[in-house]
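What follows is a set of notes on a single structure, which appears directly below.
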Amino acid sequence: MRRLVVLLLVVAGLTLVARGAIPCAGWQLQPDCYVALHPGPVENTFGLVAVDEARTYPPTGKLLLTTVLVESKLDLLEWVAGPFRTGVDQVPRERIYPPGSDREEVRQQNVALMVDSQLEATLAALRELGYEFDTDFDGARVVEVMADTAAEGRLEVGDVIVAVDGTTVSDNRGLVERIQDAAPGDEVTLTVQREGQRREITLQLGAASDDPSVAQVGVQVTSHLELPVDIAIDAGVIGGPSAGLVFALSMVELLEPGDLLGGAVVAATGTIDRDGNVGGVGGIRQKVRAASSPEDGEPASVFLVPQGNIVEAETASVERDILLVPVGTLADAVAALRAIRDGEEPVDARALSAP
């Protein structure tokens, strides 16, 4: 009888674990407390970057942007089999979805990070190319209008908000601070630049979904800067800051005379700041594997990896040989590509071989 009771308790406990009924704070070892990272789609960034008002030089090679797919719901068998799934890593859920944040909030955060990353990549690339320009921001540019908010139907993607109730807004932070000084239900008048014209738009502020006491307009914005070259990046649904390096390299290749890639297919990942410093990213093992065996197109022969990720990158499982090149700055990455183009091996490059 006692054995039967113990068996029933074990079965009941496994059922609760499988259903995620036990909070992760109380018991971490259960499927609902983990997500799985898979190699994601790979895209040639030259199809995502558009340059106006400047001469461009057609590339002969490809620069691949790599992504990671997140499997957010694991059943018991998938969770147990996790360590044996090639190219897949399981990580604690809170690393991808911080406590208190839902998937939509994480998506919005990643959109904002991607937009900021695009601006930083543009500044880094133009500086690498020798352009000189004023780095003072000129307002807050709208990059997404959220549905069912005060902004829907009133503001448009591309609008630049330059003032709130007559007070100048110089960047995205300035806009957020001005709106947070108000309360949900208050009316504000936004001064907006749209297609070269200024207009006044008055709307009633809504409330933030995660805190009803905080006012919001209902837009995602980034700081706006007038630049000597008009560069637009269409990243689609890709979010986060990890494509900064590959976007910057794409701009350098398109705007610089000559051929940086020399026909090679190269993948790259890494955050970047306006000074060209490259930072580490998550999911590097999945990105390296994706670059070595994309679902469509040619595999990369070279992968430019942030210095902070190189040790982990060397543990990736690949289907084809690939050369890993650690880089700390945009200048390092450009120098590495020139070396490869000229038949030389970049500094500290290391080969990763397929089984």
Side-chain angles (χ1 to χ4, degrees), residues 13-14 16-43 64-114 116-117 210 235 237-246 267-272 278-295 303-319 322 324 326 352:
L14 289 175
L16 290 173
V17 166
R19 292 179 178 177
I22 301 175
C24 294
W27 184 254
Q28 181 72 26
L29 295 178
Q30 53 181 315
D32 205 49
C33 300
Y34 289 84
V35 298
L37 305 182
H38 296 257
V42 173
E43 290 199 55
L64 303 184
L65 180 157
T66 54
T67 63
V68 177
L69 288 179
V70 179
E71 185 181 2
S72 61
K73 186 66 176 177
L74 303 177
D75 61 31
L76 184 59
L77 290 178
E78 289 171 331
W79 179 61
V80 172
F84 309 100
R85 300 166 75 184
T86 302
V88 179
D89 288 329
Q90 289 183 4
V91 300
R93 175 176 294 274
E94 63 186 20
R95 189 181 301 180
I96 307 299
Y97 303 109
S101 298
D102 59 27
R103 295 185 67 176
E104 176 59 19
E105 289 172 339
V106 171
R107 186 197 70 80
Q108 291 177 10
Q109 292 168 3
N110 282 332
V111 168
L113 289 171
M114 168 59 84
D116 287 344
S117 174
D210 58 339
V237 298
I238 300 170
S242 64
L245 172 61
V246 72
T269 190
T271 64
I272 199 166
V278 175
V281 299
I284 189 66
R285 286 157 48 90
Q286 286 69 44
K287 292 178 178 180
V288 172
R289 182 174 178 83
S292 77
S293 53
E295 292 185 2
F303 201 119
L304 303 181
V305 180
Q307 287 179 342
N309 288 124
I310 189 63
V311 174
E312 184 182 1
E314 289 182 281
T315 67
S317 170
V318 294
E319 295 188 19
I322 193 167
L324 303 179
L352 184 61

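In what follows, residues are counted from 1 in the order of the sequence shown. A quick note: this is a predicted structure, and the numbers were derived from the prediction, not measured.
- Side-chain contact check for T66 versus E43: every heavy-atom pair is 4.5 Å or farther apart.
- From K287, atom NZ reaches atom OG of S292 across 15.0 Å, with rounding to the nearest 0.5 Å.
- Shortest non-hydrogen contact noted between K73 and D32 is NZ-OD1, 3.2 Å.
- P41 places a side-chain heavy atom less than 4.5 Å from the side chain of L69.
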Enumerate, atom names and distances included, each donor-acceptor pair closer than 3.5 Å involving a side-chain atom of residues 308-315, sequence neighbours excluded.
{"unit_1": "N309", "atom_1": "OD1", "unit_2": "V281", "atom_2": "N", "d": "2.9"}
{"unit_1": "N309", "atom_1": "ND2", "unit_2": "V281", "atom_2": "O", "d": "3.1"}
{"unit_1": "E314", "atom_1": "OE1", "unit_2": "R350", "atom_2": "NH1", "d": "3.4"}
{"unit_1": "T315", "atom_1": "OG1", "unit_2": "R285", "atom_2": "NH1", "d": "2.9"}
{"unit_1": "T315", "atom_1": "OG1", "unit_2": "E312", "atom_2": "O", "d": "2.6"}

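- Using a 4.5 Å cut-off on side-chain heavy atoms (C-beta onward), Y97 and V35 make contact.
- For P92, the side-chain contact (heavy atoms from CB on, under 4.5 Å) test picks out Q28, Y34, E94, R95, with sequence neighbours left out.
- Judged as a side chain to side chain donor-acceptor pair (under 3.5 Å), and not counting sequence neighbours, the contacts of E71 are H38, R85.
- With V305 as reference, I284 is the one residue of V278, I284, L245 to meet the side chain to side chain contact (heavy atoms under 4.5 Å, CB included) rule.
- Between L37 and V70 the shortest side-chain heavy-atom distance falls below 4.5 Å.
- Side-chain contact between T269 and P306: present, with at least one pair of heavy atoms (C-beta onward) separated by less than 4.5 Å.
- By the side-chain contact (heavy atoms from CB on, under 4.5 Å) test, A290 pairs with P39, V42, sequence neighbours left out.
- Residues satisfying the salt bridge (Lys or Arg N to Asp or Glu O under 4.0 Å) test with E319, not counting sequence neighbours, are R289.
- In this structure, F303 and L64 have side chains that are not in contact, with every pair of non-hydrogen atoms separated by 4.5 Å or more.
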